[in-house]
Number of protein chains: 2
Amino acid sequence: MSEPTRLSWTDVRDQIRARILSRTYAPGDRLPRDEDIAQEFGCARTTVHRAMQDLAQMGLVERKRKGGTHVLSDPVTRATFDIPITRCEVEQRGAKYDYQLISRALEQTPTGVMARFGLHTPREMLRVKALHLADNRPYVFEDRWVDTQSTPEILDVDLTRENANEWLVHNKPFSRVDVRFSAMNATADNAHHLDTPEGSALFVIERTTWIGSAPITTVQSLAAPGYQLAANTG
Amino acid sequence: MSEPTRLSWTDVRDQIRARILSRTYAPGDRLPRDEDIAQEFGCARTTVHRAMQDLAQMGLVERKRKGGTHVLSDPVTRATFDIPITRCEVEQRGAKYDYQLISRALEQTPTGVMARFGLHTPREMLRVKALHLADNRPYVFEDRWVDTQSTPEILDVDLTRENANEWLVHNKPFSRVDVRFSAMNATADNAHHLDTPEGSALFVIERTTWIGSAPITTVQSLAAPGYQLAANTG
DNA sequence: AAGTGGTCTAGACCACCTT
DNA sequence: AGGTGGTCTAGACCACTTG
């Protein structure tokens, strides 16, 4: 007798997904209750729950207590990106990594930086500009602000030798992060550091972190032309 | 007696995360076995498992059978983005949405498009250029290729009235998607459609979909200057 | 008020990976 | 070979939210 192996939650997930793709469950439809699906597949309700949890996280269905499970009618594409330490990113491309400190100074935060942190009053922070190189070519130019109230230790770090990006990642855990992507034309200053014509289109990553509600750092990373960020597969 | 309420998996997750943030469990460290943690917290192993699953997905720890659970030593920032249907995006900003078809023609795929699909030989596809407007101002210019082998129905759609973006999302489910972000300078043609100076930095979203291994569509969306994409919070 | 998803438990077995 | 995470089950109770 060919007894079928027991269904796993991924099997259930894939079957349900197939039904959604084939419009057996069409956009907007309400799916059967977990318990009924469990009965149909001959598995425990927990297994169906695990499958549904995954589908909900992928953005395929929406689940509400009492409301049941519905196929989203205007599906969104959900993509996840990993933003590694710049050195790791460079080395993973098989390139030689180098780092140059460009400037380091205490400055009052301008309104743009205050907005990123959600602050209403200016504050003195450490501003650090630095360049990351891959195979001796400019790779990413970063303009960073570090809050010296939450992170006074940064003042003692020799940033000519140690990279603020890595020092923070290794020494300053954060509890909240905000990430934004955009594009901008290189200013004369940017262009100079990145060795690219003024006005070049640069890919911009803005990353701001907090510990609790206290600001830690915000950084605007400008990637040299040609930079492309790919979503995680899977 | 104040009997503490039973621990939920989110409580366990938050406690473990706090220990990681406070370096109780430092980067590279191996965490205790799930079962030991369960005993410490006085809960079932399943509950610890659920908590760990979440931490692993956040990119804070790595789990391996037999190898145990380790705190990642080079943590990555993981961010999730939702890319909605353009109309929804515009309407959610409280703006009026409009759409204009710019061109529609059968063309041989150039090498760039073949590469996005992973094809080795050129193929004739339907190329559709269109403009999305918010409050009568150009918002996103899209340059799309639709595979007429997998999606012949597209040839019968009146794209002057119906928007290829939405038609595909509602009628052509996909099983795999690739998303990439970059930046580029507006060409004369782009600049004209987006009503912006030539050379403006444009935010670029490339989105390619397949059903099984068959290509469906690939689209390069160029956002008007000022566009910014924010990661999901939470 | 009642229906539905969310979670917890305890135990069992499986599958992968390191040693 | 053995240790660890991964999953399944069956049952129970809880919590949200809709009618």
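Here is how names work: the chains are called A, B, and so on, in the same order as the sequence lines, proteins then strands, and each is numbered from 1.
Checked against C/dT18, D/dT9, C/dG5, the side chain of A/Cys43 finds its nearest nucleotide in D/dT9. Side-chain proximity of B/Ala44 to the nucleotides C/dC17, C/dA2, C/dT9 is greatest for C/dT9. Comparing C/dT9, D/dT7, C/dT7 by their closest approach to the side chain of B/Thr47 singles out C/dT9.
Atom P of nucleotide D/dT9 and atom CG of A/Leu7 are separated by 8 Å, given to the nearest angstrom. In this entry the distance linking CG of B/Asp36 with P of D/dG3 reads 13 Å, nearest Å. In this structure, B/Glu62 places its CD atom 14 Å from C1' of C/dT18, rounding to the nearest Å. Atom CD of A/Glu35 is separated from atom P of C/dG6 by 14 Å (rounded to the nearest Å). Computed from coordinates, the A/Asp34 CG to D/dA10 P distance equals 16 Å when rounded to whole Å. The distance from atom CZ of B/Arg65 to atom C1' of D/dG5 is 6 Å, rounded to the nearest whole Å. One atom, CZ of A/Arg45, and another, C1' of C/dT9, lie 14 Å apart when rounded to the nearest Å. Whole-Å rounding puts the A/Arg13 CZ to D/dC8 P distance at 11 Å.
One finds a salt bridge joining A/Glu153 and A/Lys172 here, because a Lys/Arg side-chain nitrogen approaches an Asp/Glu carboxylate oxygen to under 4.0 Å. A salt bridge does not link A/Glu206 to A/Arg144: none of the charged nitrogens lies less than 4.0 Å from a carboxylate oxygen. A/Asp14 and A/Arg19 are not joined by a salt bridge, as no carboxylate oxygen comes within less than 4.0 angstrom of a charged side-chain nitrogen. The pair B/Asp178-B/Arg116 does not meet the salt-bridge criterion, since no charged nitrogen lies less than 4.0 angstrom from a carboxylate oxygen.
Between B/Arg63 and C/dC16 there is no side-chain polar atom (N or O) within less than 4.0 angstrom of OP1 or OP2. Considering only side-chain N and O atoms, A/His49 lies under 4.0 angstrom from the phosphate OP1 or OP2 of C/dG6.
Residue contacts shown for B/Thr46 include a base, since a base heavy atom lies under 4.0 Å away.
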Can you check side chain to side chain donor-acceptor pair (under 3.5 Å) on B/Glu89 and B/Tyr139, steps first, answer last?
CA-CA 10 Å; B/Glu89 192 179 336; B/Tyr139 185 72; 2.9 Å; yes
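Looking at which nucleotide of DNA chain D each of A/Gly42 and A/Lys66 is closest to, the 5′-most match is held by A/Gly42.
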